[in-house]
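The structure appears right after this line, and notes come after that.
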Amino acid sequence: MMKVSLKRTAAIVSITATSLFYVVSPGSAASPITPTPNQLIAVTIPNLRPEASVNNGVLQVAIPVSFLEGPINSILRANGGRYKDTDYQRLDVNDMRVSFAEGGLVVNGNWRFQAREYLGSVFGRKKYTPWVSVSGSFSQPFSVKVKNGRLFAEAGKTDIRGANKWYGDIVDALISRFRVNGAVNQRINQELQSFNGMNLQQLLVKTGSDSVAKALGISSNDASQLIGSRTGNINANITGGSLKLSVAVR
């Protein structure tokens, strides 16, 4: 068992053969541990109370995005550093942080790029021009949707600012981390797999059964079974400061 320091609270990260749990408070951060492919990432959020409502036969469960900010920023801090390091080019990425927009989230960060040219060899030693350094910032948007019953963040077009003539080199290095098979994208998607030990279906059942039962005039048990039978029809969207999950129950 490993103790992890947080800004506001103390947390314990428990690791088993099949699970990794973060205990976080809104706006706080825990040091992330990279899981193996068969591990399930579960975000444990104290005081998480999603709001449920039923309108026109649709159950909606809303989670304030502030509960997601800390875990995602932990991932971004762990994935900063040197993205490229060759004899001719270096790229460092830092100060990454997440913000939330209509339809998804945006990762913003800063970069510093260094380049030099090879001049030749003198007495067996390679000679280069001095390093030239440029700095700038970037934004990487993600749309959030449900895929195969799980939340999925899909990367959009990367916006690079201040790149000058090295734009292509910088974009290639960033895209390798943020696109579907990139390390940052994979970790964000792993983070969205489970909330307090519950997948999307379980979260909707636990949070929305009473509201569905009341709206449809059925028992809570029947409402739970009804919600559970609609797993393939769950939708997700980030809007109005909340992650909103919805499923038709009529």
Side-chain angles (χ1 to χ4, degrees), residues 6-9 11 22-32 41-53 55 58-80 93-111 136-161 174-175 177-180 182-196 198-200 203-204 207-208 234-247:
L6 302 183
K7 291 182 179 178
R8 297 179 184 175
T9 60
Y22 282 167
V23 180
V24 296
S25 296
S28 61
S31 298
I41 306 303
V43 183
T44 300
I45 307 173
N47 303 315
L48 176 63
R49 297 184 180 89
E51 296 181 357
S53 61
N55 294 295
V58 176
L59 167 65
Q60 180 174 275
V61 171
I63 301 173
V65 294
S66 57
F67 286 107
L68 306 177
E69 186 174 359
I72 294 177
N73 278 334
S74 293
I75 294 171
L76 298 177
R77 280 190 291 272
N79 282 275
V93 176
N94 54 61
D95 295 331
M96 288 191 291
R97 60 277 180 197
V98 68
S99 62
F100 296 89
E102 293 295 303
L105 57 94
V106 181
V107 172
N108 299 292
N110 299 322
W111 56 265
S137 60
F138 73 93
S139 296
Q140 175 62 66
F142 292 86
S143 59
V144 175
K145 58 187 70 177
V146 177
K147 185 177 182 179
N148 298 324
R150 296 183 176 183
L151 277 179
F152 181 78
E154 183 175 61
K157 183 179 179 180
T158 308
D159 181 19
I160 306 291
R161 296 176 290 276
L174 287 173
I175 285 177
R177 302 290 183 101
F178 286 104
R179 291 308 167 102
V180 174
V184 177
N185 197 336
Q186 287 183 344
R187 287 291 290 113
I188 289 175
N189 282 325
Q190 287 169 335
E191 200 72 47
L192 297 174
Q193 296 306 301
S194 178
F195 296 88
N196 288 1
M198 297 177 287
N199 60 29
L200 292 188
L203 178 63
L204 287 168
T207 306
I234 299 174
N235 294 305
N237 189 29
I238 291 180
T239 183
S242 293
L243 167 63
K244 295 183 177 179
L245 309 171
S246 61
V247 63

Value rounded to 0.5 Å, distance of CZ in Arg177 from CE in Met96: 8.0 Å

Residue Lys244 excluded, over 12 heavy atoms near NZ under 6.0 Å: yes

Side chain to side chain contact (heavy atoms under 4.5 Å, CB included) between Ser194 and Asn199, intermediate numbers included: CA-CA 5 Å; Ser194 178; Asn199 60 29; 5.8 Å; no

Side chain Trp111, main chain Ser137, donor-acceptor under 3.5 Å: yes

Distance (rounded to the nearest 0.5 Å) between Ile188 CD1 and Ile75 CD1: 6.0 Å

Which residues share a side-chain hydrogen bond (donor to acceptor under 3.5 Å, both in side chains) with Ser143, sequence neighbours left out: none

Side-chain heavy-atom pair Leu203, Pro50 within 4.5 angstrom cut-off: yes

Leu204 side chain near Leu245 side chain, heavy-atom distance below 4.5 Å: yes

Which residues share a ring pair (Phe, Tyr, Trp, His ring centres under 6.0 Å) with Phe100, sequence neighbours left out: none

OG1-CZ distance between Thr158 and Phe178, expressed to the nearest 0.5 angstrom: 7.5 Å

Student check: side-chain heavy atoms of Lys145 and Glu154 closer than 4.5 Å: yes

Phe142 vs Phe152, side chain to side chain contact (heavy atoms under 4.5 Å, CB included): CA-CA, chis, key distance, verdict: CA-CA 9 Å; Phe142 292 86; Phe152 181 78; over 6 Å; no

Minimal non-hydrogen separation, Leu243 against Val65, with atom names: N-CG1, 3.9 Å

Sequence-distant partners of Lys147, salt bridge (charged side-chain N to carboxylate O under 4.0 Å, His left out), two or more places apart: none

side-chain contact (heavy atoms from CB on, under 4.5 Å) involving Asn94 - partner list, sequence neighbours excluded: Asn110

Sidechain-backbone polar pair: Glu102 side chain, Gly240 backbone, donor-acceptor under 3.5 Å: yes

CZ on Arg97 to CD on Glu69, rounded to 0.5 Å: 11.5 Å

Test side-chain contact (heavy atoms from CB on, under 4.5 Å) applied to Asn237 - qualifying residues, sequence neighbours left out: Thr239

Pairing residues for Arg49 by the salt bridge (charged side-chain N to carboxylate O under 4.0 Å, His left out) criterion, not counting sequence neighbours: none

Residues forming a side-chain hydrogen bond (donor to acceptor under 3.5 Å, both in side chains) with Ser139, sequence neighbours excluded: Asn108, Arg161

Flag, side chain of Arg187 to backbone of Asn185, donor-acceptor distance under 3.5 Å: no

Spacing of CG belonging to Leu68 relative to OG belonging to Ser66, to within rounding of 0.5 Å: 8.0 Å

Gln140 side-chain N/O to Gly156 backbone N/O, donor-acceptor pair under 3.5 Å: yes

Partner of Val146 by side-chain contact (heavy atoms from CB on, under 4.5 Å), out of Asn235, Leu200, Val247: Leu200

Within-4.5 Å side-chain heavy-atom neighbours: Leu151 and Val144: yes

Results of side-chain contact (heavy atoms from CB on, under 4.5 Å) for Ala52 - residues two or more places apart only: Leu59, Val61, Thr207, Ser211

Under 3.5 Å: donor-acceptor pair, side chain of Gln193, backbone of Asn189: yes

